[in-house]
Amino acid sequence: MKTSWRTASLVATAASVLALTTACGQDNATAPASAAQNVGATAAAGDYGSSPGAGTGTVAGAGNGYGADGSKTSASPSPASPAGKLTVAANPDLGNVLTDGSGLTLYRFDKDTANPPKSNCAGDCATTWPPVPADDATAGAGIDKALLGEVTRADGSKQLTIGGWPAYRYAKDVNAGDVNGQGVGGKWFALAPDGKKATLSALPGLSVRKDPKLGDIVVDKKGMTVYRFMKDQAWPKSVSNCTGACLEKWPAVGPVNADDTEGVKKKGLMPFTRPDGVKQMTVNCWPIYTFSGDKAPGDTNGQGVGGTWYAVSPDGKPVGAPGK
């Protein structure tokens with residue numbers, strides 16, 4: 001994905017890089033790429049996995065092989081709760097996670113198939129991992145309703161699918177935001193809004209998304225829109241004029257390794273040190289931010305705010321700014 005270009009003169013290249021670095025006022029080294037984090041249970045036990053003990057990291061319920069504690073239950077499963085309006089929840093370890101109308105995390109199973117959609121979780125498995133009914137499911141903000149579908153299960157019931165993948169809840173998730181089912185048995189994973197497995201590593205540190213109204217814009221590793229502040233400065237050095245309460249509303253994007261980007265122009269792609277000592281990333285030497293008013297990937301609520309905030313194009317220009 002990354003291409004190294006050989007120039008005719010190594011001396012000229014070194015000189016140009018030095019000039020760029022000095023002009024942008026950047027630090028000499030970019031931050032190292034963050035190490036991947038393991039979230040949830042990863043130990044394989046049985047066909048459907050086992051669950052971590054609450055808050056201990058130990059394996060519980062390995063005897064039944066479905067991720068439930070104790071022996072297999074003979075009780076009939078309770079009626080499945082409606083899905084309601086699906087939402088996107090931000091998880092610090094997994095990025096954006098798909099949840100139902102009650103805020104409970106939705107999961108996918110590696111033994112299922114998406115094309116064609118097919119569920120391979122039945123019986124005791126479906127007691128531990130209740131299938132999400134398709135009947136009343138609707139797409140909330142940040143979710144493409146075209147990705148919502150359904151599959152007919154062996155018992156004739158209709159199960160919700162996301163991007164073709166059958167969706168489930170986990171019996172040990174009690175509160176909104178719980179992700180106790182993540183990684184169970186190495187086969188169960190929280191759903192991202194597009195039907196893929198939720199993970200922070202799903203996107204590079206900075207990449208490009210095609211917005212239906214704005215065209216190509218830069219997004220961070222969570223898929224959140226990145227913005228520029230027209231009162232900032234890029235030359236002869238990067239200067240941020242967003243401080244104090246401004247930073248609470250427009251959080252600065254932290255350093256991103258240049259190798260952890262895709263589609264973003266490399267020139268001027270480096271961090272600088274703010275007056276408060278915090279390092280902030282730039283695109284074409286312009287400081288970049290996210291917007292607290294954006295709640296889900298795809299949101300562009302910060303576009304044009306105050307006539308000074310605009311989404312960033314891959315070459316660092318403010319998208320849609322007057323005269324730009």
Side-chain angles (χ1 to χ4, degrees), residues 1 20 23-26 87-88 90 95-96 139-147 192-194 202-256 258 260-272 274 278-324:
M1 195 180 297
L20 172 62
C24 293
Q26 309 298 344
T87 58
V88 179
N96 289 308
I143 303 169
D144 185 353
K145 64 180 181 181
L147 295 178
D194 59 0
L203 288 175
L206 292 175
S207 59
V208 177
R209 180 179 68 83
K210 185 173 289 294
D211 183 86
K213 294 181 179 179
L214 302 177
D216 288 343
I217 59 175
V218 179
V219 296
D220 69 5
K221 69 184 305 177
K222 295 182 180 181
M224 305 303 288
T225 302
V226 168
Y227 298 89
R228 255 186 60 180
F229 185 33
M230 300 301 287
K231 294 184 179 181
D232 283 351
Q233 175 182 303
W235 307 98
K237 66 177 183 178
S238 303
V239 175
S240 168
N241 286 305
C242 178
T243 59
C246 175
L247 276 180
E248 294 180 9
K249 184 174 289 187
W250 303 90
V253 175
V256 175
D260 189 26
T261 64
E262 182 178 342
V264 183
K265 189 174 182 179
K266 292 295 190 290
K267 179 182 177 182
L269 184 63
M270 54 189 75
F272 74 103
R274 298 173 53 86
V278 175
K279 293 183 183 296
Q280 181 174 0
M281 193 62 186
T282 71
V283 175
N284 196 21
C285 296
W286 287 98
I288 56 175
Y289 311 78
T290 53
F291 180 45
S292 62
D294 287 345
K295 302 303 182 183
D299 286 353
T300 55
N301 299 317
Q303 177 66 9
V305 169
T308 55
W309 291 93
Y310 295 92
V312 179
S313 69
D315 60 1
K317 295 180 180 179
V319 178
K324 299 292 183 180

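The structure presented is a predicted model; accordingly, all values stated were derived computationally and were not measured. Quick note: residue numbers are just sequence positions, from 1.
Heavy-atom minimum distance, Trp235 versus Asn284: CZ2-OD1, 4.1 Å. Closest of all the heavy-atom pairs between Gly320 and Gln303 is CA-NE2, 4.2 Å. Residues Ala258 and Lys266 come closest through the heavy atom pair O-CE, 3.5 Å. Here the closest non-hydrogen pair linking Met281 and Pro271 is SD-N, 3.9 Å. Scanning both residues, Pro314 and Asp216, for their nearest heavy atoms gives CD-O, 3.6 Å.
The structure places CE of Met224 at 7.0 Å from OG1 of Thr290, a figure rounded to the nearest 0.5 Å. The OG atom of Ser313 sits 11.0 Å away from atom CG of Leu214, with the distance rounded to the nearest 0.5 Å. For the atom pair Asn241 CG and Asp232 CG, the distance stands at 5.5 Å (nearest 0.5 Å). With values rounded to the nearest 0.5 angstrom, Trp286 atom CH2 is found 12.5 Å from Asp315 atom CG.
Side-chain N or O atoms of Thr282 include one that pairs as donor or acceptor with a backbone N or O of Gly268 at under 3.5 Å. A distance-only check finds no donor-acceptor pair linking the side chain of Asp260 to the backbone of Pro204 [under 3.5 Å]. A donor-acceptor pair under 3.5 Å links the side-chain atoms of Asn96 to the main chain of Lys222, judged by distance alone. Not one N or O on the side chain of Glu262 forms a donor-acceptor pair closer than 3.5 Å with the backbone of Ser207.
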- Task: Please assess Lys221 against Val256 for the test side chain to side chain contact (heavy atoms under 4.5 Å, CB included), listing each intermediate value before the final yes or no.
- Result: CA-CA 10 Å; Lys221 69 184 305 177; Val256 175; over 6 Å; no
- Query: Between Lys237 and Val239, does a side chain to side chain contact (heavy atoms under 4.5 Å, CB included) hold up when you go through it step by step?
  - Reply: CA-CA 6 Å; Lys237 66 177 183 178; Val239 175; 4.1 Å; yes
- Steps toward side chain to side chain contact (heavy atoms under 4.5 Å, CB included) verdict (Val264, Leu269): CA-CA 8 Å; Val264 183; Leu269 184 63; 4.0 Å; yes
- Query: For Asp194 and Leu147, what are the C-alpha separation, side-chain angles and deciding distance, and is it a side chain to side chain contact (heavy atoms under 4.5 Å, CB included)?
  - Reply: CA-CA 7 Å; Asp194 59 0; Leu147 295 178; 4.2 Å; yes
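Sorted by first and then second residue, the disulfide (SG to SG under 2.5 Å) pairs involving residues 215-251 (not counting sequence neighbours) are Cys242-Cys246. For the ring-ring contact (aromatic ring centres under 6.0 Å, His included) condition, the pairs that include at least one residue of residues 304-324, sequence neighbours left out, are Phe229-Trp309, Trp250-Trp309, Tyr289-Trp309.
Residues passing the side-chain hydrogen bond (donor to acceptor under 3.5 Å, both in side chains) test with Arg274, sequence neighbours excluded: Ser240, Gln280. Residues passing the side-chain hydrogen bond (donor to acceptor under 3.5 Å, both in side chains) test with Asp211, sequence neighbours excluded: Arg209. Applying the side-chain contact (heavy atoms from CB on, under 4.5 Å) criterion to Lys295, with sequence neighbours excluded, gives Asp299. Considering only residues two or more places apart in sequence or on other chains, Thr87 meets the side-chain contact (heavy atoms from CB on, under 4.5 Å) condition with Thr99.
Residues Tyr227 and Thr308 are not in side-chain contact: their nearest non-hydrogen atoms beyond the backbone lie 4.5 Å or more apart. Within the 4.5 Å cutoff, the side chain of Arg228 has no heavy atoms near those of the Val283 side chain. When side chains are defined from C-beta on, Ile143 counts as touching Val88, because their heavy atoms get closer than 4.5 Å.
Of the candidates Thr225, Val226, Ile288, Val218 forms a side chain to side chain contact (heavy atoms under 4.5 Å, CB included) with just one, namely Val226.
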